[in-house]
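These figures come from a predicted structure and were not determined experimentally. Just so you know, these numbers use all the heavy atoms, side chains as well, and skip hydrogens, waters and symmetry mates. Below, read A as the first sequence line, B as the second, and so on, with proteins coming before strands; counting in each chain starts at 1.
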2 protein chains.
Amino acid sequence: MRDMKDMIPIYYRLADDIKCQIESGQLKHGDMIPTEGQLGESYGISRMTVRRGLALLAEAKLIETVKGKGSFVTRLKLSRVVIDLQDNPAGSGEALRYRLLTVKFARDNNVPAQELKLEVGAKVIHLKRLLYQGEHIIAIENKWMPYLKGKPLLETQLEYANFPEVVAKHQDSVPVRNDVVISVNTLSSEQAELLGEEPCSPALVIKQVIYSKEDKPLGISYMVCHKDRFQLRANSYLYSGKL
Amino acid sequence: MRDMKDMIPIYYRLADDIKCQIESGQLKHGDMIPTEGQLGESYGISRMTVRRGLALLAEAKLIETVKGKGSFVTRLKLSRVVIDLQDNPAGSGEALRYRLLTVKFARDNNVPAQELKLEVGAKVIHLKRLLYQGEHIIAIENKWMPYLKGKPLLETQLEYANFPEVVAKHQDSVPVRNDVVISVNTLSSEQAELLGEEPCSPALVIKQVIYSKEDKPLGISYMVCHKDRFQLRANSYLYSGKL
DNA sequence: TAGTGGTCTAGACCACACT
DNA sequence: GTGTGGTCTAGACCACTAT
């Protein structure tokens, strides 16, 4: 029995020890770490507890375990970067808020609507709203989604919720995937006027397509962002999870 | 004892069952799922095995467990988006390759070098390289990192490795964090010429700063991307991990 | 054949949350 | 107190990998 005073689980200490050995370079990419039996013996703990520690390391992608062979230190990766689109992506400070400009019904005759792959003649809702930070407009959002009878869009939802939430509230099926493309474009004169910029000045464009479990598109969003007032911040860590 | 024929672990089946109940709406945000004891009894398995299934659901952020209370269905989130900067971020098709343009030594008198927070007078390496896809230049990269004696930069590393790897090979300490800012700018005439664009046309700018465990900046990279030949693709899933 | 990780059990004690 | 999840044990059998 271990001492329970220190509140920190033994499997966590084991994982942290190995993590430090990897960070310091004692264990290098490709090295095999001691077997579960050896670790259990040297720490004086049972194999199940050892496995729990190794599971933490595997979750953080610091090791890989191979059945019949052993556990091996993986190559360190820093290339997967996480952006939280919900977390204030603009300059820090004042809170964000939305203002709904227009709600229109469209047929499937325009390009965004066609991407929704609806039956011919099906109706599409087209939303246009502005994203404010303080008194400044920092982005223009255009959204298209299939019109479902009996699933009204409440204005409160439209004003405040972010894109995946708007779609979720309006659909029967649960949205499970969000494909995002980040690119650059020049502003149309209408967009430039809204954003207080010169026409043809550059802007960040974020396109989102939300899919159901059956891979059916449930909504499309184009977000045109003011180049100075909207930056995407992201970061990646060598290890993630509970370590 | 369970039947081992079906190769699919019981804890996984349990997790998948609950996942389906969440997806279908039978279990909603905030609902408590059955206790570990109840699940163990209804599946005829031990509590440890139940816990393993619930760990999968927790890892996928589908449930949250609270000590002394129970496990609850979380709110569905689609706002965290993952970009793999290593995974071909340009138009699909031909492979990417790097070409080193210049390697210079700089003092800490320019802005990027100052961001590295070195001692006064310390030397900085400045790399400039081009990212090709096929015959097209799709991005211009500028990198700054502290100059370390006895840690030479091999050309092969400079030609092929991506930014975190270049930094990792040149440093004593292991890089553990990569902060990224994605924004928009207009091309200088020199940049425009390299990219085959008009001066002042828009471009995507990706700035990366890599930090050590001690939060010391180990390298800075500015990447200016051709607006039509380089798009950032990303996606997010409602649940991640092994489910 | 021996060694490895993968799955699972049937208990135990603990800390925490309710009432 | 009762019920919950959190930790941990000392075994067991299996499947895979090496030799």
State which residues pass ring pair (Phe, Tyr, Trp, His ring centres under 6.0 Å) with B/Tyr147; sequence neighbours excluded, sorted by chain then number.
B/Phe105

Return the 5'-most residue of the pair A/Val66, A/Val50 with respect to DNA chain D, ranking by each residue's nearest nucleotide.
A/Val50

To the nearest Å, give me how far apart CG (B/Leu56) and P (C/dC8) are.
11 Å

What's the verdict on side-chain contact (heavy atoms from CB on, under 4.5 Å) for A/Asn142 and A/Leu127, showing C-alpha distance, side-chain angles and the deciding distance?
CA-CA 6 Å; A/Asn142 278 280; A/Leu127 308 175; over 6 Å; no

Rounded to the Å, how far apart are B/Tyr43 OH and C/dT7 C1'?
17 Å

Whole-Å distance separating the CD1 atom of B/Ile8 from the C1' atom of D/dC14
17 Å

Using a cut-off of strictly less than 4.0 Å, decide whether A/Arg52 has a side-chain nitrogen or oxygen near OP1 or OP2 of D/dT7.
yes

Counting heavy atoms from C-beta on, name the nucleotide in D/dG5, D/dC8, C/dG5 closest to the side chain of A/Pro9.
D/dC8

Under 3.5 Å donor-acceptor pairs involving side-chain atoms of residues 45-58 of chain A, not counting sequence neighbours:
unit_1: A/Ser46; atom_1: OG; unit_2: A/Thr49; atom_2: OG1; d: 3.3
unit_1: A/Arg47; atom_1: NE; unit_2: A/Glu36; atom_2: OE1; d: 2.7
unit_1: A/Arg47; atom_1: NH2; unit_2: A/Glu36; atom_2: OE1; d: 3.0
unit_1: A/Arg51; atom_1: NH1; unit_2: A/Glu36; atom_2: OE2; d: 2.8
unit_1: A/Arg52; atom_1: NH2; unit_2: A/Tyr11; atom_2: OH; d: 3.4

Whichever of A/Thr49 and B/Gly37 has the more 5' nearest nucleotide on DNA chain D, that residue is B/Gly37

Given A/Pro217, which of A/Val209, A/Ile210, A/Asp179 fulfils the side-chain contact (heavy atoms from CB on, under 4.5 Å) condition?
A/Val209

A/Lys213: partners by salt bridge (charged side-chain N to carboxylate O under 4.0 Å, His left out), with sequence neighbours left out:
B/Glu23

Can you check whether A/Asp215 reaches A/Arg177 side chain to side chain, under 4.5 Å on heavy atoms?
yes

Would you say the side chain of B/Phe230 lies within less than 4.5 Å of the side chain of B/Met223, judging by non-hydrogen atoms?
yes

Calculate the interatomic distance between B/Glu41 atom CD and D/dG3 atom P; express it in whole Å.
13 Å

Establish, with yes or no, whether the OP1 or OP2 oxygen of D/dG11 is under 4.0 angstrom from a side-chain nitrogen or oxygen of A/Ser46.
no

Determine yes or no for a side-chain-to-main-chain donor-acceptor pair under 3.5 angstrom, with A/Ser221 supplying the side chain and A/Lys207 the backbone.
no

Is it the case that C/dG6 (base atoms only) and A/Arg47 (side chain only) share a donor and an acceptor within less than 3.5 Å, ignoring hydrogens and angles?
yes

Report the distance from atom CZ of B/Phe72 to atom P of C/dA17, rounded to the nearest whole Å.
12 Å

Those stems involving DNA chain C that have three or more consecutive Watson-Crick or G-U pairs, both distances under 3.5 Å, are C:1-18 with D:1-18

In whole angstroms, the gap separating P of D/dT7 from CG of B/Leu54 amounts to 13 Å

Pairs in or reaching into residues 63-76 of chain B: which pass salt bridge (Lys or Arg N to Asp or Glu O under 4.0 Å), with residues at least two apart or in two chains?
A/Glu165-B/Arg75

Nearest-Å distance for atom pair CZ/P, residues B/Arg51 and D/dT9:
14 Å

So, is B/Tyr11 close to the C/dC8 phosphate, meaning a side-chain N or O under 4.0 Å from OP1 or OP2?
no

Please tabulate the protein-to-nucleotide N/O contacts below 3.5 Å involving nucleotides 1-3 of chain C, giving atom names and distances.
unit_1: C/dG3; atom_1: N2; unit_2: A/Gly68; atom_2: O; d: 3.2

Rounded to the nearest Å, what distance is computed from the CE atom of residue B/Met48 to the P atom of nucleotide D/dG5?
14 Å

Taking 4.0 angstrom as the limit, do A/Asp16 and A/Lys19 come out as a salt bridge?
yes

